[in-house]
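Here is the structure we will look at, set down as structure tokens.
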Number of protein chains: 2
Amino acid sequence: MSNPFVQRLEGLACLGEADVRTLEDLCKNPRDVGSKRYIFRESSGASSFPVIISGWAARHQILRNGGRQITRLMLPGDAYYFDATPDSPLHEEVITLSSCRFVQIPHACMERAIKACAPISTAMRNYGCMENAILSSMVVNIGRRDALERMAYLICELHLRLEMIDGAVRDDEFAFPLTQDDMADVLGLTPVHINRKLQQLRQNDIISLRSKRMKILDLPKLRQIAGFNSAYLTQGHSEPHREMVAA
Amino acid sequence: MSNPFVQRLEGLACLGEADVRTLEDLCKNPRDVGSKRYIFRESSGASSFPVIISGWAARHQILRNGGRQITRLMLPGDAYYFDATPDSPLHEEVITLSSCRFVQIPHACMERAIKACAPISTAMRNYGCMENAILSSMVVNIGRRDALERMAYLICELHLRLEMIDGAVRDDEFAFPLTQDDMADVLGLTPVHINRKLQQLRQNDIISLRSKRMKILDLPKLRQIAGFNSAYLTQGHSEPHREMVAA
DNA sequence: CGGAACATTGACGATAATCAAAGCGAGTGG
DNA sequence: CCACTCGCTTTGATTATCGTCAATGTTCCG
């Protein structure tokens, strides 16, 4: 199976054979770690950045009151590529949410690759834009949707992102390593509340989630709750999830 | 006064004289518009992107229930530069929040500049990373801080961003064109709630805000409430704003 | 002067947080 | 193989932050 990071970049710019080889060179010597391991710690002068090959990870920040917010779920092919010359200290850390295989790419090597290959430069720029778009949608999700909508949206987003990875989704079913605590920290809610809303989705036969496997039973309804999908948005102002059974 | 966009990019990469000239060429023919005008509408095939020269603007999304979330406040020098070849439709629009001067840069021209000048390419890549960092901090802010903390954080962030622009801040005082409705849509709250929390900050002599001018009276306390500032974060787990007078 | 947009206030309601306890399930060690 | 533990999930009761609704005030502008 080919490298998901390379595949990702191929989707973001037109790469030549030489570019692909250059990237694959950067991804040699992957490492394996277990769940809940830090693979990037706050340290401004970090000289390399992690790229996820398999498994899930997350970027998060810890607040002074002990609160935690995950800012980005990292799926296979995702990288924590940041400003190569950061003045501002990075508050974010990267932690694995499942067993993971990942590579550490030295910044200097990536810089070299970017200088040498224009398509790689374009791909990385576009990667930043894509991350940006996902972050924007997270802001909207957390800022303006209620708990049920948020959760539905998250599931829709993950479903879509996973579909773009070889063999990650089959019959709308996929591995889902997040604990309810993790989901709470993604969505800005409490674990207890997550639990209750999950059950609401389950009882309405919209999803099933057991032993770290998620199956979407009713994708249209899930998307409707989430207000996902541009098609839905442009269909005019249809009503939110009124027809759902009350909890 | 020099162009704030060029200054911004100069802060993000080391530009040569030729690069600066190229960028200044891109910024010819600015346009002026009044407040609450769209300067970028949802339209996937947009051929140019806006750059703010003076005034404030915002990227936002409108939800199907009429809700609105601002995902990014755009200050002078900020651009809405997105993926040059977007497959996914853009849901975001850019609206001015005050009278604005801005330029529209054709994507093709920016592409050409990026191809021709490596430093510009680097600067734009870093610009994306910087936006990313701001968006991450917005996610944390909205996801895990209460209303008062959120507002304090927003003010701190804007103060810091404005300080980097020539003449925008003087004695911790600056133009602040946001209405309370705008602030609500930035912070994921309601206007009524914004109003009450603003008063809390005013009554504690932390800020003053009158006729679109913000003055920070007690920056340390404001930052303390917000949990801003890495210095503060690393000072150990000090207590949140307990000493504040209850509303 | 009149109107519109924006800000302020109060009363009430609802969503989500908090606290606390019990249940479940997978892996570990005796 | 069973008891035990640990992490995670589930449940109930209670609290509080924030939202909603509605009315009044204020400021700005033509």
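By convention in this document, chain letters (A, B, ...) are assigned in the order of the sequence lines, proteins followed by strands, and residues within each chain are numbered from 1.
- For the pair Ile142(B) CD1 and dT17(D) C1', the interatomic distance rounds to 17 Å; values are reported in whole Å.
- Put simply, the side chain of Leu201(B) reaches to within 4.5 Å of the side chain of Ile225(B), judged on heavy atoms.
- We find that CE of Met183(A) is positioned 11 Å from P of dT10(D), with the value rounded to whole Å.
- Residues passing the salt bridge (Lys or Arg N to Asp or Glu O under 4.0 Å) test with Arg31(A), sequence neighbours excluded: none.
- For Arg101(B), the CZ atom sits in a loose shell: 12 or fewer heavy atoms of surrounding residues, nucleotides or ligands are nearer than 6.0 Å.
- For Gln200(B) and dT17(D), the CD to P distance is 10 Å, given to the nearest whole Å.
- Remark: C1' of dC8(D) and CZ of Phe176(A) are 14 Å apart, rounded to the nearest angstrom.
- The CG atom of Leu178(B) sits 13 Å away from the C1' atom of dC6(C) (whole-angstrom rounding).
- Taking 4.5 Å as the limit, every side-chain heavy atom of Asp78(B) sits out of range of all side-chain heavy atoms of Val51(B).
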- request: Go along nucleotides 8-20 of chain C 5' to 3' and tag each nucleotide: B for a protein heavy atom under 4.0 Å from its base, S when only backbone or sugar atoms are that close, - otherwise.
  value: BBBB----BSBB-
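- If you measure from atom NZ of Lys36(B) to atom P of dA4(C), you get 18 Å, rounded to the nearest angstrom.
- Seen from the ring of Tyr153(B), Arg145(B) counts as a face-on cation partner, given the 6.0 Å and 45° thresholds.
- Rounded to whole Å, atom P of dC6(C) lies 11 Å from atom CG of Leu97(B).
- Tyr38(B) carries Arg41(B) over the face of its six-membered ring, with the cationic atom under 6.0 Å from the centre and within 45° of the normal.
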